[in-house]
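Proteins come first, then strands; the chains are lettered A, B, ... in the order of their sequence lines, and each starts at number 1. Computation of the quantities below employed the complete heavy-atom set of this structure, encompassing side-chain atoms and omitting hydrogens, waters and symmetry-equivalent molecules.
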Protein chains: 2
Amino acid sequence: MTDEVRWLDADEQTWWRAYLRANREIDAALDRDLACHGVSLSEYELLSMLSEAEGRRLRMSALAELIVQSRSRVTHTAARLERRGWVRRTPAPDDGRGVVLELTPDGLAAVERLALAHVASVRRHVVDVLAPSQFRALGEAMATVRAAYAADPTTPPTPCDPR
Amino acid sequence: MTDEVRWLDADEQTWWRAYLRANREIDAALDRDLACHGVSLSEYELLSMLSEAEGRRLRMSALAELIVQSRSRVTHTAARLERRGWVRRTPAPDDGRGVVLELTPDGLAAVERLALAHVASVRRHVVDVLAPSQFRALGEAMATVRAAYAADPTTPPTPCDPR
DNA sequence: GTGCGGTAGTTGACGGTTCAACTATGCCTC
DNA sequence: GAGGCATAGTTGAACCGTCAACTACCGCAC
């Protein structure tokens, strides 16, 4: 394999930058819209995954994988949510190392309230500004990226390879 | 207008989550690949915009807008890069309030080195795993989102509206 | 030319995220 | 059943980003 650099061509460059920047704008917008209600997007995602899970409970690591965050981050976020009484930690019955995180009734009420605001925000900034076929294409492209990422053998971080 | 909630349907839900998660994975992957070389993605973006600018210099606020970051964040990031000698602050000639950020020769050398790693990373995780038409669709959808965002009259943050 | 509202950028404190080190448990092998 | 490696989760420090307050300057109005 040669070491020649395959730069992006002009179109690719344009699309890539559109992605990067829209991305930042979307994140900022969603976060801002949720901030009004006192949570960040990542807190909301955690709560939301819990609320859909069987028994409204999930293992910490399952949660981390679902929302694509580090275990450490999930620990900290869960701690914050626990302080609010929205979430409760219990030992996993089948694995002495494990912890099951459970949504409390207060937590459930909160997610349900937040979901209203959030879905409106997602529609306003993304879904409703795209033609259905465009949104579908977006979703499918991103799913493809995920699949490739999951299939990449080097995915869990090879420590570093500064060449 | 009714207050009825328009939830996402099953497909929309799937696409939206694919977006959110792929997004996190892409960010993490790009950041990790750059971290090997000692910079974060947002530092790289700043350097990269500077390197393409006329005279390799840009006003702070132009930079902030280009890379979709708060002015404050750009100040902090620039301060870090200045400590490394990659970037230099100079007063704007035409506006006593302004600051022009300039890439130093060391900074230029750094971006050029980083760009090699970065383009490979972008290709590996995104561009090359998509069919060209898919990548195009992704880019165009994101450009549409940006355009809508820019056109949204409430865009610069209405402080809050907790309903 | 004084006052005034708006823009450019910085600052420091706060809070969230990351990272590396650590504890504790599971599991496999001999 | 003891040793050893892997996994689950936590912890605290360092780092980065956000936010609100602040300085300084612009430009307009009168």
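- A salt bridge is defined here as a Lys NZ or Arg NE, NH1 or NH2 lying under 4.0 Å from an Asp or Glu carboxylate O, and B:R123 with A:E12 meets this definition.
- Checked by atom type, the side-chain pair A:Q134/B:T144 shows a donor-acceptor distance below 3.5 Å.
- Rounded to a whole Å, the CG atom of B:D94 is 12 Å from the P atom of C:dA8.
- By the 4.0 Å N-to-carboxylate-O rule, A:R17 lies close enough to B:E52 to be salt-bridged with it.
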Can you give me the N/O atom pairs linking the protein to nucleotides 5-7 of chain C at distances under 3.5 Å, or say none if there are none?
residue: C:dG6; atom: N2; partner: B:R97; partner atom: NH1; Å: 3.1
residue: C:dT7; atom: O2; partner: B:R97; partner atom: NH1; Å: 3.0

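- If you find the closest nucleotide of DNA chain C to A:R83 and to B:R89, the one lying nearer the 5' end belongs to B:R89.
- Remark: C1' of C:dT17 and CG of B:D31 are 11 Å apart, rounded to the nearest angstrom.
- We find that CG of A:L58 is positioned 11 Å from P of D:dG9, with the value rounded to whole Å.
- The stretch residues 61-79 of chain A touches DNA chain D through A:S61, A:R71, A:S72, A:T75, A:H76, each having a heavy atom within less than 4.0 Å of the strand.
- One atom, CZ of B:R84, and another, C1' of D:dC16, lie 13 Å apart when rounded to the nearest Å.
- Phosphate proximity of C:dG9 to B:R59: present, with a side-chain N or O under 4.0 Å from OP1 or OP2.
- A straight line from CG of A:L41 to C1' of D:dT18 spans 16 Å, rounded to a whole angstrom.
- A donor atom on one side chain and an acceptor atom on the other are found under 3.5 Å apart for B:N23 and A:Y19.
- Checking the phosphate oxygens (OP1, OP2) of C:dT17, a side-chain nitrogen or oxygen of A:S42 falls inside 4.0 Å.
- At least one side-chain heavy atom of B:R84 sits under 4.5 Å from a side-chain heavy atom of B:V39.
- Here the side chains of B:V145 and A:E25 are not in contact, with every heavy-atom distance at 4.5 Å or above.
- Listed here is the closest heavy atom pair of B:V87 and B:A78: CG1-O, 3.8 Å.
- Comparing C:dG9, D:dG9, C:dG26 by their nearest atom to the side chain of A:D95 picks out C:dG26.
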